[in-house]
Amino acid sequence: MLLREVEYARPSSVAEAVELLADNPNARPLAGGQTLINVMKARVASPEVLVDLNGLEELKGIELGGEGTLELGAMVTYSQAMSSAECRARPILGEVAAQIADVQVRNRGTIGGNICANDPTNHLPPLLVALGATMTIVGREGERTVPADDFFLGVYMTAAGPGELLTTVTVPPAKGAGDAFASVTIGRDGTGIVNVAASVNGDSRLVVGCVAAVPVLIRPGSTDEDAVREAVHRAGLDPPSDVHASADYRRHLAEVLAARAVEQAAGRRRS
Amino acid sequence: MKLEGTRSFEAPRQAVWEVLNDPARMAKTMPGVESFDVQDDRHWKANVKIPLGLGVLPLSIGFEKIEERPIEYARLHANGSGVGAIMSMATGFHLSEADGGGTDMRWEAEVKVAGPVGSMGQRVLQPIVNQQVQNVLAALDEQVQEAYSAG
Amino acid sequence: MEAVSSKTVAVEVNGDLYEREVDARRLLVHFIRDDLELTGTHIGCDTGNCGACTVLYDGQAVKSCMLLAVQADGARIETVEGLAQDGELHPLQQAFSDHHALQCGYCTPGMLLSAKHLLDNNHEPTETEIRRAIQGNICRCTGYVNIVEAIAAVARGEA
Amino acid sequence: MSETTVTPERPITVEEREVKPGFVGTNVPRKEDARLVQGQGVFADDMRRHGMGYVHFVRSPYAHAQITGIDVSKALELEGVYGTLTGDEVAIQTDPFFELSTPPGSEIKDYALAVGKVRWMGEPVAAVVAATRELARDAAELVEVEYEPLPVLVDAEKAQDVEAPILHDDAGSNVVWSGEFDWGDFDAALAEADRVVKIDRLHFHRFSSTPLECSGCIVEYERATGQWTLFGNHQMPGVGAIWMAPALRVGIDKLRFVSHDIGGAFGNKITLHPYFVACCLLARKLRRPVQWTEWRTDQHMANTHGNERTFLDIEVPVRSDGTMLGFKVRAIDDCGAFPRYEPLGCIIWAQVTPGCYRWRHVRVDFTQVCTNKSPVAPNRGYSRMQQLWFTERLVDIVAHELELDPVEVRKRNYIRSDEMPYETPNGCVYDSGDYALCLDKALELIDYGSIEQRREEAATRGKLLGLGIGSTLDSGTNNFGQSMILNPELQFSGNNEVATVKLDLFGEIVVTLGTVPQGQGHETTASQVVADILGCTPDDVHVRPGHDSYWNSHAGFSGTYASQFAVTGIGAVKGATERLATEMRQLAAAVLGCAPDDIELAEGQARMRENPEAALPFMALGAIINANNAGLPQDLDVTLNCRYVYRPPFEKPDVERKYGNLTLTYANQVHACVIEIDGETGVYEIVDYAAVDDCGHRIHPQIVEGQVHGAMAHGLGAATHEQFPYDEDGTLLTANFYDYHVPHALDMPPLKTDYVESPSPFTNYGAKGMGEGGGAGIHAVCAAIQDALRPLGGPIVTDSCNPPNRVWELIRDPEAARAGVAVESA
């Protein structure tokens with residue numbers, strides 16, 4: 001509770017938002033606020049300016065392209081992703097969104113906020129890496145796209161740097177891929193201890209969350225359980241040890257959950 | 001929390017050692033350093049703003065060189081305090097000659113963090129500290145390269 | 001456009017329009033409790049976990065400790081004080097009492113609004129759907145047994 | 001001349017109302033609910049006062065350090081800051097709080113703020129008051145405190161080591177209190193036994209009930225009289241005042257405690273006195289009301305935790321048939337940085353020394369120590385929960401090691417219903433109960449007969465199924481004389497509670513309780529008792545919400561704690577109401593011209609038994625005595641305002657033998673829990689759960705059942721996730737709800753309940769205090785995990801908190817988890 005002093009602006013366009021962000025290196029975009037406001041309550045971070053994105057309709061779109069490419073505005077909430085007909089093109093999105101926190105958080109929390117916060121236990125960073133999504137980032141200099149693999153830089157840090165704004169998350173067509181998400185959480189649907197996202201289609205993309213500052217992408221050569229476990233083992237994960245889980249336990253869970261996620265994803269694959 | 005690792009530099013041991021003992025160069029390895037004062041050859045002070053993505057954590061940090069055995073071992077203590085935040089770090093650097101002329105560095109660090117950052121939860125604290133240490137090491141690498149190529 | 005450190009907001013709460021100047025840093029929950037003196041909305045944590053501060057914000061259940069008051073300009077908010085109409089308890093309020101779904105009553109306002117959000121959107125929830133709907137509301141007294149039962153009773157039209 | 005003058009010839013006829021006698025024992029609607037469901041409750045943070053300032057505490061980031069300097073000047077320069085308070089001022093203006101212990105604990109100096117030294121991370125070091133909450137926190141950040149860190153002690157087992165850092169130099173030792181308890185003849189039991197089961201170590205973890213409303217108060221100081229009014233959520237103000245008044249160097253009546261609604265307390269709001277004293281000093285110094293609200297992270301870091309207890313070198317003599325003869329143990333209790341309510345926990349456990357069992361030979365070496373952690377205080381099931389967990393672990397470990405059925409071992413060792421009232425080896429009297437019947441009912445609810453079949457079915461799904469039982473006692477109504485066993489100098493014994501019942505001017509029945517309720521429905525249950533005695537309905541009875549010490553309806557032990565309202569609170573209400581009824585009959589008799597015995601109270605009237613037409617409505621009685629009393633007989637000693645102090649029948653204990661009756665009633669609960677463990681991950685789910693409760697006659701069954709639900713949820717939370725662990729630097733690792741996981745609705749299993757009613761022979765209505773539940777959920781989950789893992793090498797559950805990581809460790813290395821347990825032939 002009880003934030004430090006802060007200034008507030010509610011731009012009416014992305015361009016205006018980018019100007020506000022670029023004007024002050026200590027300005028931060030305010031999306032759903034379900035992470036940022038809490039960090040500010042703890043006074044761990046104290047941005048000087050909050051640029052509220054909630055008025056930007058252009059960031060709230062969900063579009064399904066003819067070929068099955070899904071474009072999600074950064075301000076799409078988890079609840080919207082869960083109920084969106086377009087999102088059913090990639091059902092794993094709604095399935096995972098439904099596991100995030102609780103109803104109230106899902107009503108406010110946004111896809112863009114989830115990945116830009118990149119809390120190591122967040123659900124969407126490993127999922128979007130597994131799906132091979134790309135992120136569109138706008139800055140004063142213009143627009144660029146960054147593959148999910150390169151987007152996550154650290155806890156609370158992504159390729160969308162100061163003065164920039166994530167606008168769109170583009171999820172490629174499923175093309176028959178099977179997707180799955182497996183996790184062990186603190187309590188039912190709680191904070192992740194380890195989570196694993198898998199997308200299987202020819203080559204498998206397996207991504208482990210909660211074990212490092214950024215999601216860890218592993219490409220097991222096959223969907224065979226032993227091969228998957230071996231690939232995770234060889235990845236040499238160095239997860240944190242904390243009150244919820246030892247590093248050993250997290251390493252073990254990464255293998256178990258990877259095997260489960262890949263098995264489920266393979267089962268969901270449409271050949 | 002305890003962290004440790006190894007790192008190889010493509011520079012001779014003497015060059016690495018000099019960087020480790022050059023406060024001005026060490027200052028450049030600090031994340032978000034704003035000012036740096038050398039008090040004597042064992043004590044330095046720095047004001048830093050550690051970037052945490054969502055904002056910055058301002059700390060003023062005092063460094064003390066505790067022990068040194070030239071060109072093979074150095075031990076440093078750092079004590080930082082900010083608004084309600086306390087950080088302390090004890091680090092050791094062991095240098096040895098690598099095959100082919102480079103230098104291998106084995107390092108360990110014991111980091112203690114308390115205050116509001118701690119209350120942000122277990123899930124973020126250790127990854128943040130880990131990452132900051134990695135950043136310092138990467139910067140150290142740069143400084144070594146820079147000093148070596150300049151020298 | 002300029003960023004501002006305070007702002008006048010117009011917020012509709014329980015059908016009444018309030019205009020107040022607020023600091024940008026003021027959380028919506030403090031605005032509701034301290035500035036509007038609607039103290040039925042409670043605070044039970046500082047991390048967005050407990051749900052005691054749940055209100056309906058443009059019809060959506062949200063935790064008012066994770067919004068700024070300045071964001072609420074133009075919003076329509078419903079708090080526990082708005083549930084009873086013309087002296088008649090809302091069916092959920094009555095059912096909570098009938099089923100002994102509250103003890104200390106501290107989580108109750110937030111719990112009622114989460115339940116209302118559920119029933120506004122789902123007229124025949126299963127027990128699991130009820131539990132999912134109140135997962136973001138911590139109660140330390142009841143073990144949720146009677147809360148789930150009370151919500152189910154209202155859904156069945158028994159209250 | 002008043003129209004309401006009443007004579008027998010002209011009785012007032014009142015509208016006939018339906019009056020249903022016998023409200024006690026029924027589920028009348030809760031009186032509290034109407035305001036609470038409408039958000040109209042008044043909690044600590046809901047009050048405002050003109051010109052008040054907000055308090056923010058500056059807290060220590062170190063677990064152990066000397067304070068070498070505090071500079072508040074920058075804080076004072078901030079516009080909107082009203083003032084500050086530091087430890088130096090506190091040390092000058094107050095005396096240290098009274099300590100309950102004998103030396104060395106008695107030498108500890110405990111103040112409202114840290115004086116000279118900090119002893120846990122989060123300890124308040126200074127306080128700032130400002131015009132807004134936000135400003136107060138801004139200013140707190142500007143207070144500059146210099147520390148010199150000291151070595152940190154977090155491991156209670158190392159507290160007595162020579163090299164251990166000493167927290168309290170005045171005490172010269174980290175030991176607060178230690179003592180030997182030796183009842184029966186343990187050596188003879190060893191000789192008599194066929195086997196001795198030895199267990200190296202069992203550990204009961206630190207957690208708390210984390211009431212959803214954190215602590216808080218508004219304090220006003222009246223300069224004219226030197227009186228403070230503390231509107232807040234202290235749950236035991238009588239005892240709070242005993243600490244605070246001497247510390248503030250004032251008489252006890254200078255402290256007026258007021259509470260309205262309290263958002264849960266569970267014992268965690270018994271030791272708020274340091275914060276309240278700081279607020280008193282600030283209100284006096286700054287000449288304005290001050291308001292303090294504790295936030296969640298503050299509560300976790302620096303309010304109270306439950307006692308952490310380690311049981312070492314355990315020996316259990318057993319006969320081959322599973323008859324257990326007693327136990328020997330060395331217990332180390334960790335009370336954190338300051339004792340405060342402690343060392344009472346060093347004796348409270350002895351209320352339930354043998355748990356539910358007929359064990360006669362007990363030897364306990366008990367030591368309580370300070371560590372650099374947040375201080376402890378009572379926490380739902382205070383000190384008995386630890387002991388009951390220990391006794392339940394003994395039963396399940398013995399059964400496991402001797403390959404006996406835990407159900408059979410329990411039944412063989414349970415105290416039998418025909419032995420009630422039963423005197424334990426240390427002189428406590430279990431009043432009534434049928435533990436075996438409760439167990440049977442619990443087993444029936446979870447369909448015990450099908451367990452083996454379900455175990456096999458679960459195995460086909462890769463799951464390990466286990467059954468666990470937790471049998472517990474809820475000892476209620478303390479005999480405070482037990483404190484004399486710890487410290488014979490203490491002048492505390494017995495117990496008391498107060499109620500005042502009056503008939504007001506317009507006939508309103510007004511009840512004032514001494515208790516300080518926090519959700520237990522006292523307004524409702526009190527009204528049931530009053531209605532039955534006065535012949536009216538609970539709706540006719542106004543029970544004042546909350547507590548106000550200026551109502552003069554409280555005594556030294558008033559409060560809501562230790563499962564006692566059904567005995568003490570109800571005892572007081574019943575006593576006061578009976579006095580009022582007697583007076584009403586006397587008054588009616590005087591007016592109607594008959595003998596008091598001729599009058600009955602029914603249907604809201606006092607009327608002549610033989611001539612119901614001759615009746616006075618309550619309103620007439622109230623009006624006569626309060627406003628129309630001319631002509632009443634001079635010797636009629638009637639006030640219609642009756643205060644009664646209930647005093648349970650206790651003797652002082654035998655201090656030499658540490659022997660005596662420490663509690664009046666023993667409710668009991670038996671829980672049965674079925675879990676399924678994922679053998680690969682250690683993640684488990686509770687798939688079936690039953691709780692059977694016996695608290696004698698239930699005054700309001702629905703409220704009783706609600707308490708059973710809540711206690712079970714606390715037990716499950718503590719068993720699975722809730723813990724307050726510290727790292728070696730004394731950093732709390734679960735500083736708020738990010739890491740301290742409290743069960744939510746999806747975490748809770750389906751719950752089945754049933755009850756038995758074994759009336760207490762010692763109380764009104766045969767009721768027993770209840771609500772704490774003795775941590776049954778913890779015991780049942782531990783037992784179920786151990787049972788489920790039997791096929792995997794038989795690891796022993798030695799810790800009370802078992803999150804998935806720990807279960808996985810049991811699976812991975814069962815040998816390590818068995819290493820501390822041995823069976824020896826005697």
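Protein chains get the first letters and strands the later ones, always in sequence-line order, with residue 1 at the start of each. None of the values given here were measured: they were computed from a predicted structure. The analysis underlying the following values was restricted to heavy atoms, covering all of them including side chains, and did not include hydrogens, waters or symmetry mates.
- With a 4.5 Å cut-off on non-hydrogen atoms, Glu32(D) does not touch chain C at all.
- Both the backbone and the side chain of Phe737(D) come within contact range of chain C, judged by heavy atoms closer than 4.5 Å.
- Within the 4.5 angstrom heavy-atom criterion, only side-chain atoms of Arg48(D), from C-beta onward, approach chain C.
- Distance check, rounded to the nearest 0.5 Å: CG of Asn49(C) to OH of Tyr738(D) gives 7.0 Å.
- For the set Val80(C), Ile130(C), Ile147(C), the count of heavy-atom pairs under 4.5 angstrom toward chain D peaks at Val80(C).
- At a 4.5 Å heavy-atom cutoff, Pro29(D) makes no contact with chain C through either its backbone or its side chain.
- Under a 3.5 Å cut-off, the side chain of Gln135(C) and the backbone N or O of Ala745(D) do not form any donor-acceptor pair.
- Not a single donor-acceptor pair under 3.5 Å links the side chain of Asp46(C) to the backbone N or O of Trp295(D).
- In terms of non-hydrogen atom pairs under 4.5 Å with chain C, the most contact-rich of Gln299(D), His300(D), Glu722(D) is Glu722(D).
- With a 4.5 angstrom heavy-atom cutoff, Leu38(C) does not touch chain D via any of its atoms.
- Panel note: side chain Tyr144(C), backbone His709(D); no donor-acceptor pair is recorded below 3.5 Å.
- For Arg296(D) (side chain) and Gly44(C) (main-chain N/O), a donor-acceptor pair under 3.5 Å exists by modelled atom type.
- Heavy atoms closer than 4.5 Å to chain C are found in the backbone of Ile262(D), but not in its side chain.
- Each of Val42(D), Leu751(D), Asp45(D) has some count of heavy-atom pairs under 4.5 Å with chain C, and the biggest count is that of Asp45(D).
- Only the side chain of His30(C) comes within less than 4.5 Å of a heavy atom in chain D; its backbone stays farther off.
- Ranked by heavy-atom pairs under 4.5 Å with chain D, the list Leu102(C), Thr108(C), Leu112(C) is led by Leu102(C).
- The candidate from Pro743(D), Gly41(D), Cys214(D), Pro750(D) with the greatest count of non-hydrogen atom pairs under 4.5 Å with chain C is Pro743(D).
- The distance from the CG atom of Asp33(D) to the CG atom of Leu89(C) is 9.5 Å, given to the nearest 0.5 Å.
- Judged purely by distance below 3.5 Å, without hydrogens or angles, the side chains of Asn736(D) and Thr47(C) never pair a donor atom with an acceptor atom.
- Options Gln93(C), Glu37(C), Met111(C) differ in how many heavy-atom pairs under 4.5 Å they form with chain D, and the most are formed by Gln93(C).
- Looking at Ile703(D), the atoms closer than 4.5 Å to chain C (heavy atoms on both sides) sit in the backbone and in the side chain alike.
- The residues Arg25(C) and Glu134(D) are annotated as not salt-bridged, no charged nitrogen and carboxylate oxygen being separated by less than 4.0 angstrom.
- No side-chain donor-acceptor contact under 3.5 Å links Glu213(D) to the backbone of Tyr106(C).
- Of all the listed residues (Cys45(C), Gly48(C), Pro109(C), Gly40(C)), the one sharing the greatest number of non-hydrogen pairs under 4.5 Å with chain D is Cys45(C).
- Note that CG of Asn233(D) is 10.5 Å distant from SG of Cys104(C), once rounded to the nearest 0.5 Å.
- More than 12 non-hydrogen atoms from other residues, nucleotides or ligands lie less than 6.0 angstrom from CD of Glu21(C).
- More than 12 heavy-atom neighbours from other residues, nucleotides or ligands sit within 6.0 angstrom of OH on Tyr18(C).
- The backbone N or O of Leu746(D) sits nowhere less than 3.5 Å from a side-chain atom of Arg131(C) that would complete a donor-acceptor pair.
- Note: Ile138(C) CD1 to Thr210(D) OG1 = 7.5 Å, rounded to the nearest 0.5 Å.
- Neither the backbone nor the side chain of Asp261(D) comes within contact range of chain C, judged by heavy atoms closer than 4.5 Å.
- In this structure, CG on Leu83(C) lies 9.0 Å from CD on Gln38(D), to the nearest 0.5 angstrom.
- Contacts of Asp23(C) with chain D are absent, with no heavy-atom separation under 4.5 Å from either backbone or side chain.
- Contact record, Gln103(C) with Arg30(D): O-NH2, 2.8 Å, taken as the closest heavy-atom pair.
- Residues Asn146(C) and Glu705(D) fail the side-chain proximity criterion, which asks for heavy atoms closer than 4.5 Å.
- Of the possible polar contacts, one joining the Arg140(C) side chain to the Ser209(D) backbone as a donor-acceptor pair under 3.5 Å is found.
- Heavy atoms of Met712(D) lying under 4.5 Å from chain C are absent altogether.
- The structure places NE2 of His100(C) at 9.0 Å from CG of Asn27(D), a figure rounded to the nearest 0.5 Å.
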